[in-house]
**Student:** 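Starting off with a structure, shown below.
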Amino acid sequence: MPPILILLGAPGSGKGTQAKRIEAQLGLPQISTGDILRDAVHRQTPLGCKAKAAMDAGNLVPDDVVIGIIEERLKRDDCVAGCVLDGFPRTVTQAQALGRLVQNRFHLKAIQMDVPEEDLMKRLTGRRNCVKCGAIFNVYFSPVEIDNRCDRCGGELVQRADDTAEVVKNRLAVYRQHTQPLIAYYDRQHLLHTVDAQGDVSEIFERIHRLIRQNGAGGGR
Ligand code: AMP
């Protein structure tokens, strides 16, 4: 069965960055509920209108909304060989729904991205995203050559509205309350793997890649 990799970790642990690498190097499409929701907000679709207030405050969008998004997304052809989930599931209810959706079609592998709590604030408030190509930089850890311009494509860099200090504090609290329990949830099912997500982006990718290779296509440790 094809794999679904679940990147589990606090906001700022590098899920998006690593999911993009996995997509580019291993060919598994990145599915980010955050990106899908942000796009809907930007286009002011009914979904976007429903999600906007929760996202602006750093709260979670209702479970049924995100479960519906994932259910539809997994039906697309590009997922036949598997995918990497970035930002989903975020609650036990979502994880249970995912388990039902993938039953007998995919196997799950949860990868916990381990970062010390004190690093997360700088990672998030320093993050800048390219509006053109989606590349992610950080004013503290990976500054760009020219202020506010993407090193790769020259596009404008912006800060996500929910990366401000106040909203970040709430997102971390929401993570601790709702998402952290998923670590024990997947551990109980022997689907949990942990990587040290500190340091160089390429090194972290190598750790993840090694883990995927070591464990082959089968789940468990
Ligand atoms: P992210 O880009 O993953 O940090 O997500 C940004 C925001 O989108 C979150 O703070 C939530 O408001 C919303 N969101 C993304 N994924 C989920 C999810 N699986 N469940 C609930 N809300 C989500």
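Start at 1 and go down the list; that is how both ligands and their atoms are numbered.
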**Student:** List, for ligand 1, each N/O atom that has a protein N/O partner under 3.5 Å away, with both atom names and the distance.
**Tutor:**
from: ligand 1; atom 1: 2 (O); to: Arg38; atom 2: NH1; distance (Å): 3.0
from: ligand 1; atom 1: 2 (O); to: Arg38; atom 2: NH2; distance (Å): 3.0
from: ligand 1; atom 1: 2 (O); to: Arg160; atom 2: NH1; distance (Å): 3.2
from: ligand 1; atom 1: 2 (O); to: Arg160; atom 2: NH2; distance (Å): 3.3
from: ligand 1; atom 1: 3 (O); to: Arg90; atom 2: NH1; distance (Å): 3.0
from: ligand 1; atom 1: 3 (O); to: Arg90; atom 2: NH2; distance (Å): 3.2
from: ligand 1; atom 1: 4 (O); to: Arg90; atom 2: NH2; distance (Å): 3.2
from: ligand 1; atom 1: 4 (O); to: Arg160; atom 2: NH2; distance (Å): 3.1
from: ligand 1; atom 1: 4 (O); to: Arg171; atom 2: NH2; distance (Å): 3.3
from: ligand 1; atom 1: 12 (O); to: Asn59; atom 2: O; distance (Å): 2.5
from: ligand 1; atom 1: 16 (N); to: Thr33; atom 2: OG1; distance (Å): 2.8
from: ligand 1; atom 1: 16 (N); to: Gly87; atom 2: O; distance (Å): 3.4
from: ligand 1; atom 1: 16 (N); to: Arg90; atom 2: NH1; distance (Å): 3.1
from: ligand 1; atom 1: 19 (N); to: Gly87; atom 2: O; distance (Å): 2.9
from: ligand 1; atom 1: 19 (N); to: Gln94; atom 2: OE1; distance (Å): 3.0
from: ligand 1; atom 1: 20 (N); to: Gln94; atom 2: NE2; distance (Å): 2.9
from: ligand 1; atom 1: 22 (N); to: Val61; atom 2: N; distance (Å): 3.0

**Student:** Charged N to carboxylate O under 4.0 angstrom, Lys20 versus Glu23?
**Tutor:** no
**Student:** Show me, pair by pair, the donor-acceptor contacts under 3.5 angstrom made by side chains of residues 83-91, not counting sequence neighbours?
**Tutor:**
from: Asp86; atom 1: OD2; to: Gln30; atom 2: NE2; distance (Å): 2.8
from: Arg90; atom 1: NH1; to: Gly87; atom 2: O; distance (Å): 3.0
from: Thr91; atom 1: OG1; to: Asp63; atom 2: OD1; distance (Å): 3.0
from: Thr91; atom 1: OG1; to: Gln94; atom 2: N; distance (Å): 3.0

**Student:** Strictly below 4.0 Å, N to O, side chains only: are Arg128 and Asp163 in salt-bridge contact?
**Tutor:** no
**Student:** What pairs of residues pass the salt bridge (charged side-chain N to carboxylate O under 4.0 Å, His left out) test when at least one of them lies in residues 132-155, not counting sequence neighbours?
**Tutor:** none
**Student:** Suppose we screen for salt bridge (charged side-chain N to carboxylate O under 4.0 Å, His left out). Which residues come up paired with Arg100, at least two apart in sequence or across chains?
**Tutor:** none
**Student:** Check the hydrophobic clustering (I, L, V, M, F, W, Y; side-chain heavy atoms under 4.5 Å; chains of links allowed) and say if Leu60 and Val168 are grouped together.
**Tutor:** no
